[in-house]
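We use all heavy atoms of the structure for the numbers below, so side chains are in, but hydrogens, waters and symmetry mates are not.
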Amino acid sequence: MDAFTRFTNQTQGRDRLFRATQYTCMLLRYLLEPKAGKENVVMKLKKLESSVSTGRKSNLNRVVYFICDTILWVRSVGLASHINKEKWRMWAARHYCCSLLLSLARDLYEISLQMEQATRDRAEREKSPPQDPTGYSVADEETEWLQSFLLLLFRSLRKHPPLLLDTVKNFCDILNPLDQLGIYKSNPGIIGLGGLVSSLAGIIIVAYPHMKLKTQ
């Protein structure tokens, strides 16, 4: 209980909980919409999702995205009805997408460094060159290369949980702006699931600071 209290006393902790609730509502709403007799539940989930989203406006940490999102909130509550909602939504999505692309590029760079280090470590352990078996084909070589690459990637991420968490979080986050910009269309179920996974990763990072990625 003390750990939960400390977590919720942090601005980032409350934001992650609000965000997890928001995307859980989106995912549940998507799953329940096709079912008959669930209209009232779907409406309540939609209202809860909207309320939780409103509660997150002062906790967003990306400045330009925060400005765009706040303008959209002002428009949604009727304080400035003349604002072009679609224009500002696209501005917010573009900035958010660029921010996440930069974060993913950083993750890929960090992954490449870890894989390079793992390759050097493996080369140190295996001094003798491998012997090619009789009848070794190009297809076998390509298959072995792919298996080796995937195994190296898995081992690199397994040894560095903060990098894995950050990569998963950014990948799941980018689904939403890609959908809004029409670059890669998804349904609310996929976006809700991605947002929930990202929020859980964010909760872990806030609850356990040592899991936060430290770039080189």
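Under a hydrophobic-cluster definition in which Ile, Leu, Val, Met, Phe, Trp and Tyr are linked whenever side-chain heavy atoms come within less than 4.5 Å, directly or via other members, Leu213 and Val197 are assigned to the same cluster. Linking Ile, Leu, Val, Met, Phe, Trp and Tyr whenever their side-chain heavy atoms come within less than 4.5 Å puts Met115 and Leu157 in one cluster. Tyr30 and Leu28 fall into different hydrophobic clusters, defined by Ile, Leu, Val, Met, Phe, Trp and Tyr side-chain heavy atoms under 4.5 Å apart, directly or through other members.
Considering only heavy atoms from C-beta on, Pro162 stays 4.5 Å or farther from Lys212 through its side chain. In this structure, the side chains of Asn187 and Ile190 come closer than 4.5 Å at one or more pairs of heavy atoms. Side-chain contact between Leu104 and Asp107 is present, with heavy atoms from C-beta onward closer than 4.5 Å. The side-chain heavy atoms of Leu193 and Tyr23, taken from C-beta on, include no pair separated by under 4.5 Å.
Residue Asn40 qualifies as open at atom CG: its count of foreign heavy atoms under 6.0 Å is 12 or below. The local environment of NZ in Lys185 is crowded, with over 12 non-hydrogen atoms from other residues, nucleotides or ligands closer than 6.0 Å.
Using a cut-off of 4.0 Å between Lys/Arg side-chain N and Asp/Glu carboxylate O, Arg29 and Glu33 are scored as salt-bridged. Between Arg19 and Asp173, at least one side-chain N (NZ, or NE/NH1/NH2) sits under 4.0 Å from a carboxylate O, which counts as a salt bridge. A salt bridge links Arg106 to Asp166: one of the charged nitrogens lies within less than 4.0 Å of a carboxylate oxygen.
Considering every non-hydrogen atom in both Leu100 and Pro177, the closest pair reads CD1-CG, 4.0 Å. Residues Cys172 and Ser198 come closest through the heavy atom pair CB-CB, 3.9 Å. Of all heavy-atom pairs between Ala93 and Gln180, the closest is CB-OE1, 3.2 Å. Across all non-hydrogen atoms, the minimal contact from Pro209 to Ala207 is CD-O, 3.5 Å. Residues Leu165 and Ala201 come closest through the heavy atom pair CD2-CB, 3.9 Å.
Rounding to the nearest 0.5 Å gives a distance of 12.5 Å between CD of Gln22 and CG of Leu45. Here the straight-line distance linking atom CD1 of Ile203 with atom CE of Met211 works out to 13.5 Å at 0.5 Å rounding. Note: Met90 CE to Cys97 SG = 10.0 Å, rounded to the nearest 0.5 Å. Here the straight-line distance linking atom CG of Leu108 with atom OG of Ser103 works out to 11.0 Å at 0.5 Å rounding. The structure places CG of Leu152 at 10.5 Å from CD of Glu116, a figure rounded to the nearest 0.5 Å. A distance of 4.0 Å separates CG in Leu101 from CD1 in Ile174, rounded to the nearest 0.5 Å.
Proximity of a side-chain donor or acceptor of Ser99 to a complementary backbone N or O of Tyr96 within less than 3.5 Å is not detected.
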Would you please test Leu153 and Ile111 for side-chain contact (heavy atoms from CB on, under 4.5 Å) and show each step?
CA-CA 8 Å; Leu153 176 62; Ile111 289 173; 3.6 Å; yes
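The ring-ring contact (aromatic ring centres under 6.0 Å, His included) contacts involving residues 146-204 comprise Trp145-Phe149, where partners must be two or more places apart or lie in separate chains.
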